Amino acid sequence: MSSPASSAVERAAAALARLRRGRLLHPAGRTFSAEVLIWGTPGPPTGVPLLDLPSRWPATVRLSKGVPTPGSWPDVLGVGIRLHRDPEPPVDLLASSSAAPPVLRHLPLPRRGFTGTYSSIMAFRAGRRRLYLAVLADPDSPDLGRGLAGLPAVAGDDGPRLVLAVASAVGPWRPFGEVRLDGRRGAREDAALAFDPIGNVPPGARVAGPLAWLRATTYRGSRRARGASAQSGGSTGVTV
């Protein structure tokens, strides 16, 4: 896409974000501090070290509604996970409510409750491989419930857990880690957090194509309207 086209889309996204006085995408949400434990991808490696090698990271997690609709009405729900890798740049993993079967994991699907399957929708490339990431509710942990008001204020060891998984376009999900939610952060921290799903991809992975271009320019315009950067907010500091 041409530079004039990118500038036009970015300006339009910034203008719409100013009208909303906040995020253009997924404006309503709740933010949590968290810990991400990665045990590695079972079976053949993906070629992305962050997915394949055991590690542990402090994280910030945001659960959100896309439109947003009132209360627990159906909406495209979102999970944003920022892995803090100081002194390296953060990694942002974003997923939208979808379904588990291969034919449906590429589509954002509205639903009422936060418990369920979330997919990256957009594919990542690792060498010649095409990978999709998923965030799955752990069936052995407490339910996340319906609506933002129903999300827990405090989580901890006995709180809801999320499972991280990877798959090819048609293969089964392969769990490679888990997310443990900790305490919920306040409205100021939630407003300060700004994700960059294109620039902050896991090392060894890349995104490309029209959807990646559109997502990059839209998020950039939204951040610009809020005076935020691609690394704003999170558990290591608050940027307003």
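Here the structure is a predicted model, which means the values were calculated and not measured. Residues: numbered from 1 along the sequence shown.
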**Request:** Looking only at non-hydrogen atoms, find the nearest pair between G66 and P27 and report the distance.
**Result:** O-CD, 3.6 Å
**Prompt:** Quick one: does F176's side chain get under 4.5 Å of L133's, heavy atoms only?
**Reply:** yes
**Request:** Group every Ile, Leu, Val, Met, Phe, Trp and Tyr by side-chain heavy-atom contacts under 4.5 Å, then state whether L83 and L37 land in the same group.
**Result:** no
**Asked** Do the side chains of D86 and P58 get nearer than 4.5 Å, heavy atoms only?
**Response** no
**Expected output: side-chain R82 to main-chain A194 donor-acceptor under 3.5 Å** = yes
**Side chain proximity check, L164 to L51, heavy atoms < 4.5 angstrom** = no
**Fill in**
Students should find that the hydrophobic cluster of Y132, defined by side-chain heavy atoms under 4.5 Å apart, otherwise consists of W173
**Message:** Any heavy-atom pair between the side chains of S97 and V76 that's under 4.5 Å?
**Reply:** yes
**Request:** Please go through V163's hydrophobic cluster and name the other residues, only I, L, V, M, F, W, Y counting, with side-chain heavy atoms under 4.5 Å joining them.
**Result:** L136
**Asked** Just by distance, do the side chain of R185 and the backbone of E189 share a donor-acceptor pair under 3.5 Å?
**Response** no
**Asked** Does T60 reach the side chain of L193, with side-chain heavy atoms less than 4.5 Å apart?
**Response** yes
**Prompt:** Is a side-chain donor or acceptor of D75 paired with a backbone partner of L77 at a separation under 3.5 angstrom?
**Reply:** no
**Message:** I need the minimum non-hydrogen distance between L107 and S98, along with the two atoms involved.
**Reply:** O-CB, 3.2 Å
**Prompt:** Counting N and O atoms only, with roles assigned by atom type, does the side chain of R105 sit under 3.5 Å from a partner on the main chain of A99, one being a donor and the other an acceptor?
**Reply:** no
**Prompt:** Does any pair with a residue in residues 46-55 pass side chain to side chain donor-acceptor pair (under 3.5 Å), and if so which ones, sequence neighbours excluded?
**Reply:** T41-D52, T46-D52, S55-W57
**R129 side chain reached by S168 side chain, heavy atoms, under 4.5 Å** = no
**Fill in**
Between R161 and S141, the two heavy atoms sitting closest are N-OG, 3.0 Å
**Asked** Is the closest side-chain heavy-atom distance between P110 and T69 below 4.5 Å?
**Response** no
**Minimum heavy-atom distance R111-T117, with the two atoms named** = NH1-O, 2.9 Å
**Complete:** Nearest heavy-atom contact between K65 and G71 is NZ-O, 2.6 Å
**Request:** Give a yes or no on whether W39 atom CH2 has more than 12 heavy-atom contacts from other residues, nucleotides or ligands under 6.0 Å away.
**Result:** yes
**Complete:** So CG of L131 and CZ of F124: to nearest 0.5 Å the spacing works out to 9.0 Å
**Message:** Using modelled atom types and a 3.5 Å cut-off, is there a donor and acceptor pairing between side-chain atoms of R174 and backbone atoms of P42?
**Reply:** yes
**Prompt:** Quick one: is the NZ or CZ of R62 closer than 6.0 Å to the six-membered ring centre of F114, and within 45° of its axis?
**Reply:** no
**Message:** What's the separation between atom CG in L93 and atom CD1 in I81, rounded to the nearest 0.5 Å?
**Reply:** 5.5 Å
**Asked** Do the side-chain N and O atoms of S119 and H106 include a donor-acceptor pair separated by under 3.5 angstrom?
**Response** no
**Request:** Decide yes or no on side-chain contact (heavy atoms from CB on, under 4.5 Å) for L144 and L63, but give the supporting numbers first.
**Result:** CA-CA 10 Å; L144 284 167; L63 300 169; 4.2 Å; yes
**Prompt:** Does any non-hydrogen side-chain atom of V36 lie less than 4.5 Å from one of R56?
**Reply:** no
**Atom pair CD/CD of E178 and E35 - distance to nearest 0.5 Å** = 8.5 Å
**Request:** Following the transitive rule for hydrophobic clusters with a side-chain heavy-atom cut-off under 4.5 Å over Ile, Leu, Val, Met, Phe, Trp and Tyr, establish whether L148 and V79 coincide in one cluster.
**Result:** yes
**Closest non-hydrogen atom pair between V61 and A34, with its separation** = CG2-CB, 3.6 Å
